[in-house]
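The block underneath contains the structure these notes are about, expressed in structure tokens.
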Amino acid sequence: MFTQLLLPQKGLLLLRRWQMGNSPLFQPNKEIKELREISQDAAKMSKKAKPAPAPAKAGPAPGKGKSGPAAGKACGREPPTPPKEMLSNTKTDFGPLTDCDRIFQNLYGRLDWRLKGACARGDWYRTADLLEMGPQWIMDEVKRSGLRGRGGSGYYAGSKWEALQKAESKSKVLILNCAEGEPGTCKDREILRHEPHKIIEGCLLAGFAMGCEKCIIYIRNRFYNEACNLQFALAEAYRYGLIGCNSCDTGIKFEIHVQRGDRYLTGEETALVNCLMGKLARPRKRPPYLYEKGYFDHPSTVINTESLAVVPTILRRGAKWFTSLGRNKNFGTKLFNISGHVLHPCTVEEEMSMPLRDIIEMHAGGVCGGWNNLLAVWPGGLSSPILGQAAAEEVLMDYDALEAAGSELGTGGIIVVCNDCDPLLVMQRSIEFYMKQTCKQCTPCRDGAIYLPEIFKNFTRGESVPQMIDFVEVISKTMTGTTICALSDSQANIARGLIQHFAPYIEERILEYLNDVDDC
């Protein structure tokens, strides 16, 4: 198979003619049928030649803590186990969200984002009373709420935080991940810009529950205005004694520092910790896990911005209120970014488990050219497997429903693609994003980042052979569950999804190229 990549153009043309027949009597439908038969035979041979690797097992408290690929069967990982204390519901009707249930009431920046405006919206209301309830009460309430990671991992926050709470150390570090580099995702930026005090208060409550006295907030360099707003909010919090040596007059010491950086890989929690320590931003092997040996060997945990910003509201309104929103095991509200071929790209807060089509049509004005013009959707950012029109019409936007549909909720970044564009060019650009973003540390990921963009580029031009469609699956299997982090799995998921939905377009493009060469 690798020799086909190295053949010159004339050699590829001869090989295709030998495979498909050089008779001008072949009709397009018949040729496509033969192409698919050849592809099926090649797939059978590849399965016999090399079995699929076993899926990697998730650790006790892994959690990517990033704006990227989510955990689940689509990534070859075991689904997270819910806490025993978690509540449940039997709700069947979801969305739209009422205004009184919105957590982010200043999402669009129409109100004052400073301390005075934040307090008017309910932030910092009796925070001292929440702290006096004790760390175990906070932890139990988070477990009962069933809060799951909003950064892509989907792990239950209570279970992940409990691992750091049980670590025996007086120098634990809480790390907040605002390195939002996932294409199609910009929810954390809106929180930083318009609701910075929710982040600061969430850091204080979560850090106190886990026994941390220090918090580091990592922000992308490109988020300049957002970082300025957060620094101003931090200055206000220190000035009025909300954090510091005597946070909220409770005697609790809690310090927050801001660091800047800019690389997609820092979305992975171990790469982020390495970056904060001044090392190369590369993922590292686990064990030891971060709650054992993290930031400068101190027990640490990495949490996504949205996951932390909702904690104060959960503690004030109670876990029962939070679990009344969304489907069972998929509770609460979620920020969705809608972009691509829609009339009005936007960021919205909606109830979990709301139908994908309702979110697009209600908030983004629908697909350009109407719903029937929809080609495909990325429901959770670029790292989530793509969905076709039929699946997108019925799927609910939550972790379990999207996993059952063969995709992931991820970061909630909805990217819409319509029929007016070139689907093969969309394939090429989406897979080329990872060509420069991988750290080149693991061989399967490094080789995949080299071969997959080249293969998809040939698909776009039509300068390929039918077997290459199934060769993508062979490469994807090699990349799944064989590397340190899940970035390789993300590339494999994207490649599989693109091939699954756009294989007929690839076959058509190959035939068009052959016909053009024959005419010449």
Is a donor on one side and an acceptor on the other found under 3.5 Å between the side chain of [X] and the backbone of [Y]?
{"X": "Asn330", "Y": "Tyr399", "value": "yes"}
{"X": "Arg193", "Y": "Asn225", "value": "no"}
{"X": "Lys198", "Y": "Phe104", "value": "no"}
{"X": "Glu182", "Y": "Leu382", "value": "yes"}
{"X": "Asn337", "Y": "Thr347", "value": "no"}
{"X": "Asp262", "Y": "Arg220", "value": "no"}

Is it the case that over 12 heavy atoms from other parts of the model lie below 6.0 angstrom from the [atom1] atom of [X]?
{"X": "Lys329", "atom1": "NZ", "answer": "no"}
{"X": "Phe296", "atom1": "CZ", "answer": "yes"}
{"X": "Lys253", "atom1": "NZ", "answer": "no"}
{"X": "Tyr108", "atom1": "OH", "answer": "yes"}
{"X": "Glu394", "atom1": "CD", "answer": "no"}
{"X": "Arg114", "atom1": "CZ", "answer": "yes"}

- Task: Could you verify whether a donor N or O on one side chain and an acceptor N or O on the other, from Asn304 and Asn177, lie under 3.5 Å apart?
- Result: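 No pair is found: no donor N or O on one side chain lies under 3.5 Å from an acceptor on the other.
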
- Message: Does either side chain, that of Arg446 or that of Thr443, offer a donor lying less than 3.5 Å from an acceptor on the other one?
- Response: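 Present: a donor and an acceptor within the cut-off.
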
- Would you sort out whether Glu268 and Arg286 count as a salt bridge (charged side-chain N to carboxylate O under 4.0 Å, His left out), showing the intermediate values? CA-CA 13 Å; Glu268 206 277 336; Arg286 288 164 287 190; 3.1 Å; yes

- Message: By the definition side chain to side chain contact (heavy atoms under 4.5 Å, CB included), identify the one residue from Ile359, Val342, Val348 that meets it with Ile414.
- Response: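 Result: among Ile359, Val342, Val348, Ile359 is the only option passing the side chain to side chain contact (heavy atoms under 4.5 Å, CB included) with Ile414.
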
- Query: Only one of Leu176, Val273, Thr266 forms a side chain to side chain contact (heavy atoms under 4.5 Å, CB included) with Tyr218, so which one is it?
  - Reply: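 Of the listed options, the one satisfying the test is Thr266.
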
[Y]/[X] salt bridge by N-O under 4.0 Å criterion:
{"X": "Glu349", "Y": "Lys187", "answer": "no"}
{"X": "Glu162", "Y": "Lys143", "answer": "yes"}
{"X": "Lys91", "Y": "Glu351", "answer": "yes"}
{"X": "Arg121", "Y": "Glu195", "answer": "yes"}
{"X": "Arg144", "Y": "Glu141", "answer": "yes"}
{"X": "Arg496", "Y": "Asp489", "answer": "no"}
{"X": "Glu306", "Y": "Lys334", "answer": "yes"}
{"X": "Glu180", "Y": "Arg189", "answer": "no"}
{"X": "Lys214", "Y": "Glu255", "answer": "no"}

Out of curiosity, [X] [atom1] to [Y] [atom2], how far, rounded to the nearest 0.5 Å?
{"X": "Leu174", "Y": "Cys203", "atom1": "CG", "atom2": "SG", "answer": "5.5 Å"}
{"X": "His257", "Y": "Ile175", "atom1": "NE2", "atom2": "CD1", "answer": "12.0 Å"}
{"X": "Leu205", "Y": "Met133", "atom1": "CG", "atom2": "CE", "answer": "12.5 Å"}

- Task: With sequence neighbours excluded, tell me which residues meet side chain to side chain donor-acceptor pair (under 3.5 Å) with Asp140.
- Result: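 Testing Asp140 for side chain to side chain donor-acceptor pair (under 3.5 Å), a comparison that skips the adjacent residues, returns Gln136.
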
- Asp101/Thr98 under side chain to side chain donor-acceptor pair (under 3.5 Å): CA gap, chis, key distance, verdict: CA-CA 6 Å; Asp101 286 329; Thr98 58; 3.0 Å; yes

- Message: Before we go on, tell me: are the rings of Trp113 and Phe232 under 6.0 Å apart, centre to centre?
- Response: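 Yes: the rings meet the under 6.0 Å criterion.
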
- Item | Distance-minimising heavy-atom pair for Thr250 and Leu131 |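 So the minimum-distance heavy-atom pair works out to OG1-CD1, 4.0 Å.
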
